[in-house]
Amino acid sequence: MDLKQLRYFLVVASERNFTRASERLHIAQPPLSRAIQRLEEEVGAPLIDRHVRPMKLTPLGLLFQEQALQMLGRMDDMKAMVQAAVAAERRRFTIGFVASTMYARLPEYIREFRKRAPDLELTLIECTTLEQISALKDGRIDVGFGRIRFDDAAVKRTVLTHERLVVALPINHSLARESNPVSLHRIAQEPQIIYPRSPRPSYADQVLSLFRDYGHEPRVIHEARELQIAIGLVAAEEGVAVVPESITRSRSHDVTYRSIVEPATSPIIMSHRIDDGSADLQLMSEVIASNSAAQG
């Protein structure tokens with residue numbers, strides 16, 4: 001007796017007709033009839049009364065049907081439980097990131113991390129620094145890469161680097177034709193495009209604070225939703241934007257970048273739950289440390 005025979009029997013019992021049962025099972029009727037006969041021979045008694053139309057189960061067949069349903073139900077439950085256990089055993093690691101870090105070293109970290117943990121299911125989620133804090137505490141991400149300093153007793157922050165800032169200018173702007181670094185005083189005289197528009201505080205507030213630290217009050221004309229929109233507005237000659245230096249890797253024929261005279265940087269910060277001692281987080285830290293050593 002095997003599971004296939006049990007399934008065949010249950011379909012015949014349900015259809016009460018060998019022809020319909022064979023069509024439902026997508027097999028010819030003769031092998032189906034032989035399978036049921038072998039089952040009856042093994043049991044030692046008829047399970048189906050073939051002398052009436054439509055066919056019906058014998059008393060023993062009714063008992064057998066009940067037991068077969070229970071057995072196959074338990075098999076299905078066992079299969080589902082095993083599949084759930086297999087899925088649970090597959091390790092997952094979720095990274096939250098702000099868009100601008102993808103222009104910096106984060107892609108290098110991710111590539112190396114994948115090489116060292118090929119069996120790990122890695123997920124990437126774009127989210128702001130503030131969203132990362134709540135996602136870490138809720139367990140929706142395991143590590144976050146952002147730019148905003150935000151204190152929370154449940155989250156540990158590590159500054160990985162301080163990235164230089166540059167000014168993005170329309171290609172035909174007068175400052176774009178100069179090769180020397182541009183002062184914040186001169187940049188502040190231009191209409192400013194900042195991003196992101198929300199939520200705040202954000203990188204936009206870092207840029208505004210930079211100007212104000214040097215005694216300048218910039219004139220903001222656009223608050224873009226995201227980085228690429230800000231760069232697009234610069235290309236459209238709507239204004240200028242102070243952006244991380246790594247953005248220059250994404251070249252645009254309508255935008256040029258110039259260094260800033262004053263010390264102007266934005267941190268890249270790694271955040272994780274303060275009580276997380278997992279091997280996967282440790283591996284990410286090792287990847288970052290080795291990558292930074294190779295770069296430096």
Side-chain angles (χ1 to χ4, degrees), residues 95-110 124-133 136 143-152 155-169 175 181-188 190 192-218 220 222-234 239-252 255-272 288 291-292 295-296:
I95 297 174
F97 66 95
V98 298
S100 64
T101 59
M102 276 297 178
Y103 294 91
R105 293 184 182 176
L106 184 56
E108 299 169 24
Y109 300 156
I110 294 171
L124 304 176
I125 300 176
E126 182 182 354
C127 49
T128 67
T129 302
L130 291 180
E131 290 169 340
Q132 289 176 27
I133 299 301
L136 282 168
V143 66
F145 293 90
R147 292 186 178 274
I148 306 302
R149 290 179 171 86
F150 191 89
D151 291 328
D152 191 293
V155 177
K156 180 179 179 180
R157 299 176 300 117
T158 302
V159 177
L160 303 180
T161 187
H162 289 274
E163 185 178 0
R164 290 178 56 191
L165 300 180
V166 297
V167 59
L169 302 160
L175 292 176
V182 185
S183 70
L184 285 172
H185 172 72
R186 180 66 184 84
I187 297 171
E190 301 294 327
Q192 302 296 312
I193 300 166
I194 61 173
Y195 70 92
R197 182 169 56 234
S198 63
R200 307 290 279 269
S202 68
Y203 172 78
D205 298 287
Q206 284 187 350
V207 171
L208 295 176
S209 295
L210 174 65
F211 280 109
R212 290 163 184 162
D213 287 346
Y214 285 88
H216 309 300
E217 189 59 41
V220 177
H222 285 294
E223 294 188 16
R225 187 176 69 253
E226 59 186 33
L227 168 61
Q228 288 304 320
I229 294 176
I231 296 299
L233 290 170
V234 172
V240 304
V242 175
V243 299
E245 186 179 36
S246 57
I247 306 303
T248 62
R249 297 180 183 181
S250 177
R251 292 293 180 182
S252 170
V255 176
T256 191
Y257 301 92
R258 289 289 178 264
S259 300
I260 297 174
V261 172
E262 293 84 353
T265 62
S266 175
I268 295 180
I269 303 170
M270 181 177 75
S271 303
H272 62 82
I288 292 171
N291 186 282
S292 298
Q295 293 286 337

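All values reported here derive from a predicted model rather than from experimental measurement.
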Check your understanding: Which pair of heavy atoms, one from L210 and one from A264, lies closest together, and at what distance?
Key -> CD2-CB, 3.6 Å

Check your understanding: Where the side chain of Q132 meets the backbone of I95, is there a donor-acceptor pair that is under 3.5 Å apart?
Key -> no

Check your understanding: Would V166 and T248 count as a side-chain contact (heavy atoms from CB on, under 4.5 Å) if you check the C-alpha gap in whole Å, the side-chain angles of each, and the deciding distance to 0.1 Å?
Key -> CA-CA 9 Å; V166 297; T248 62; 4.1 Å; yes

Practice item. Could you label the plane-to-plane angle of the H216 and F211 rings as parallel, tilted or perpendicular, counting under 30° as parallel and over 60° as perpendicular? Key: perpendicular

Check your understanding: Would you say the side chain of V182 lies within less than 4.5 Å of the side chain of I260, judging by non-hydrogen atoms?
Key -> no

Practice item. Start with the C-alpha gap between E245 and L165, add the side-chain angles, then the distance that decides, and say whether side-chain contact (heavy atoms from CB on, under 4.5 Å) holds. Key: CA-CA 5 Å; E245 186 179 36; L165 300 180; over 6 Å; no

Study note, to complete from the structure: Nearest heavy-atom approach of M102 to I110 is CE-CD1, 3.9 Å

Check your understanding: side-chain contact (heavy atoms from CB on, under 4.5 Å) with E163: which of T265, I268, T101?
Key -> I268

Practice item. For salt bridge (charged side-chain N to carboxylate O under 4.0 Å, His left out), just list the numbers for D151 and R157, CA-CA rounded to whole Å, side-chain angles, deciding distance to a tenth of an Å, and then say yes or no. Key: CA-CA 8 Å; D151 291 328; R157 299 176 300 117; 3.1 Å; yes

Review point. What's the verdict on salt bridge (charged side-chain N to carboxylate O under 4.0 Å, His left out) for E190 and R186, showing C-alpha distance, side-chain angles and the deciding distance?
Key: CA-CA 7 Å; E190 301 294 327; R186 180 66 184 84; 2.7 Å; yes

Point to revise | Any side-chain heavy-atom pair of E217 and L208 under 4.5 Å | key: no

Revision key, fill the gap. Between A168 and Y257, the two heavy atoms sitting closest are CB-CE2, 3.5 Å

Exercise for review: Indicate the atoms forming the closest heavy-atom contact of H185 with E262, along with that distance.
Suggested key: N-OE2, 4.4 Å

Check your understanding: What closest approach, in Å, do S183 and V261 show between heavy atoms, and which atom pair accounts for it?
Key -> N-CG2, 3.6 Å

Point to revise | Residues Y203, S266; criterion side-chain contact (heavy atoms from CB on, under 4.5 Å); working and verdict | key: CA-CA 8 Å; Y203 172 78; S266 175; 3.9 Å; yes

Exercise for review: Output, in order, the C-alpha distance, side-chain angles, deciding distance and verdict of side-chain contact (heavy atoms from CB on, under 4.5 Å) for L227 and I247.
Suggested key: CA-CA 9 Å; L227 168 61; I247 306 303; 3.3 Å; yes

Study note, to complete from the structure: Which of I229, V167, V255, V243 passes side-chain contact (heavy atoms from CB on, under 4.5 Å) with V234? It is V255

Study note, to complete from the structure: What one should report as the nearest heavy-atom pair of I148 and S202 is CD1-C, 3.2 Å

